[in-house]
2 protein chains.
Amino acid sequence: MVEIDDIDHRVLELLREDGRRTFSEMAERVGLSVAAVKRRVDRLRELGVITGFTARIDYAKLGWGIEAFTELRYAGSTPVSEIVRTATGAPEVQAVFTIAGDPDALIHIRVRDLDHLQQVIDGLRRTGNVTGTKTLLVMGSWTREAGVALRGRSAEARGRTRR
Amino acid sequence: MVEIDDIDHRVLELLREDGRRTFSEMAERVGLSVAAVKRRVDRLRELGVITGFTARIDYAKLGWGIEAFTELRYAGSTPVSEIVRTATGAPEVQAVFTIAGDPDALIHIRVRDLDHLQQVIDGLRRTGNVTGTKTLLVMGSWTREAGVALRGRSAEARGRTRR
DNA sequence: ACTGAAATTTCTTTCAC
DNA sequence: GTGAAAGAAATTTCAGT
């Protein structure tokens with residue numbers, strides 16, 4: 001585990017909120033010079049704490065309005081690698097979480113409509129050793145946008161609800 | 001739903017992969033001028049397709065090594081707003097998905113260790129009208145990093161497994 | 001709509017202290 | 001850690017295609 005001080009945490013929080021913040025803006029907010037903030041960000045990347053930057057995209061605006069989680073159960077003999085391989089195969093699958101216990105995996109799916117969802121699930125059921133599925137259809141979602149409670153204390157939670 | 005052409009999709013994919021790509025780099029990759037790419041990114045932001053930029057952080061490196069999903073069941077009379085309000089209260093809760101059917105919500109939790117997880121779940125059970133929980137402990141995860149299958153065709157899936 | 005280019009401003013990077 | 005200087009990139013604008 002990596003050693004991180006309070007200022008690093010604030011920098012991470014700022015970059016969580018807006019990954020394109022400039023060094024000068026962050027410098028002002030955390031009370032350090034631009035060079036010092038850059039050095040910290042560089043270090044956080046070298047340490048692997050910051051693994052990259054990405055754009056937040058509203059997929060519903062692009063017509064991918066349906067979101068679901070599907071629990072997958074596999075035949076007892078199925079190795080985890082096989083579970084991940086089959087589940088990641090469908091392009092609609094956004095994330096795969098392998099689970100201790102029952103179910104064996106939870107996958108996050110994004111699709112255009114319910115018909116499309118049906119097709120994706122049917123595809124999964126036909127794949128590999130899937131013995132059962134249970135799908136949770138997402139009605140609304142909220143995501144913590146500011147950095148997690150990085151220090152175990154309540155960081156400000158700014159988020160939004162959709163739909 | 002928003003009108004988006006192939007080049008816009010490629011720009012989105014590039015920004016999904018790396019939210020700090022420069023206009024000149026993207027211009028080269030999609031075969032347009034810098035000015036044209038900037039105009040497209042500006043438009044995608046105005047349309048609300050790109051909602052922002054954020055840093056990817058490896059929370060395990062910060063000591064938040066345990067991830068779980070918890071299904072929540074609430075008393076029948078509980079309004080959705082109340083579900084979201086109580087579930088988002090704990091700083092360890094990263095995301096809340098309200099669900100059509102049973103369970104009523106699925107929440108994504110990140111904690112330091114199993115003791116901590118126990119505390120968070122106990123807290124939720126004591127809150128509001130929670131009538132039951134089921135927790136799925138995450139052993140490993142894979143996330144699609146490139147932009148989704150934005151056109152319904154299989155976009156290249158570059159991801160990674162953890163743990 | 002996009003190109004190419006110029007002018008301006010801002011951000012990044014580096015280095016001496 | 002700071003401050004300053006140099007280099008790179010972003011932004012803005014515009015005539016031309």
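The chains referred to below are lettered A, B, ... by the order of the sequence lines, with proteins before strands, and numbering in each begins at 1. Below, each value reflects all heavy atoms present in this structure, side chains not excepted, and no hydrogens, waters or symmetry copies. Every value quoted in this text rests on a predicted model; they were computed, and no experiment measured them.
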| said: Taking the nucleotide of DNA chain C with the nearest heavy atom to each, does A/Arg20 or B/Val37 sit closer to the 5' end? | reply: B/Val37
| task | Verify the ring-centre separation between B/Phe97 and A/Phe69: is it less than 6.0 angstrom? | result | yes
| query | Is there a donor-acceptor contact under 3.5 Å from the side chain of B/Arg110 to the main chain of B/Trp64? | reply | no
| said: Using the salt bridge (charged side-chain N to carboxylate O under 4.0 Å, His left out) definition, which of the options B/Lys38, B/Arg40, B/Arg39 pairs with B/Asp42? | reply: B/Lys38
| query | Just by modelled atom types, is the B/Thr51 backbone N or O under 3.5 Å from a matching donor or acceptor in the B/Arg45 side chain? | reply | no
| query | Reading DNA chain C 5' to 3', which nucleotide is the first, and which the last, to come under 4.0 Å of any heavy atom in chain A? | reply | C/dC11 to C/dT14
| said: Keeping A/Thr131 on the side-chain end and A/Arg73 on the backbone end, is there a donor-acceptor pair under 3.5 Å? | reply: yes
| message | With a 3.5 Å distance limit and no angle check, can you tell me whether A/Arg20 reaches the backbone of B/Gly19 through a side-chain donor-acceptor pair? | response | yes
| task | Would you mind classifying the nucleic acid contact of B/Arg40 as base, sugar-phosphate or nothing, using non-hydrogen atoms under 4.0 angstrom? | result | sugar-phosphate
| Do any N or O atoms from the side chain of B/Arg144 and from the backbone of A/Val93 form a donor-acceptor pair under 3.5 angstrom? | yes
| Could you run down nucleotides 12-17 of chain D 5' to 3' and tag each one B, S or - for protein heavy-atom contact under 4.0 Å? | B-----
| Has the side chain of A/Arg21 got a donor or acceptor atom that lies under 3.5 Å from a matching backbone atom of A/Leu14? | yes
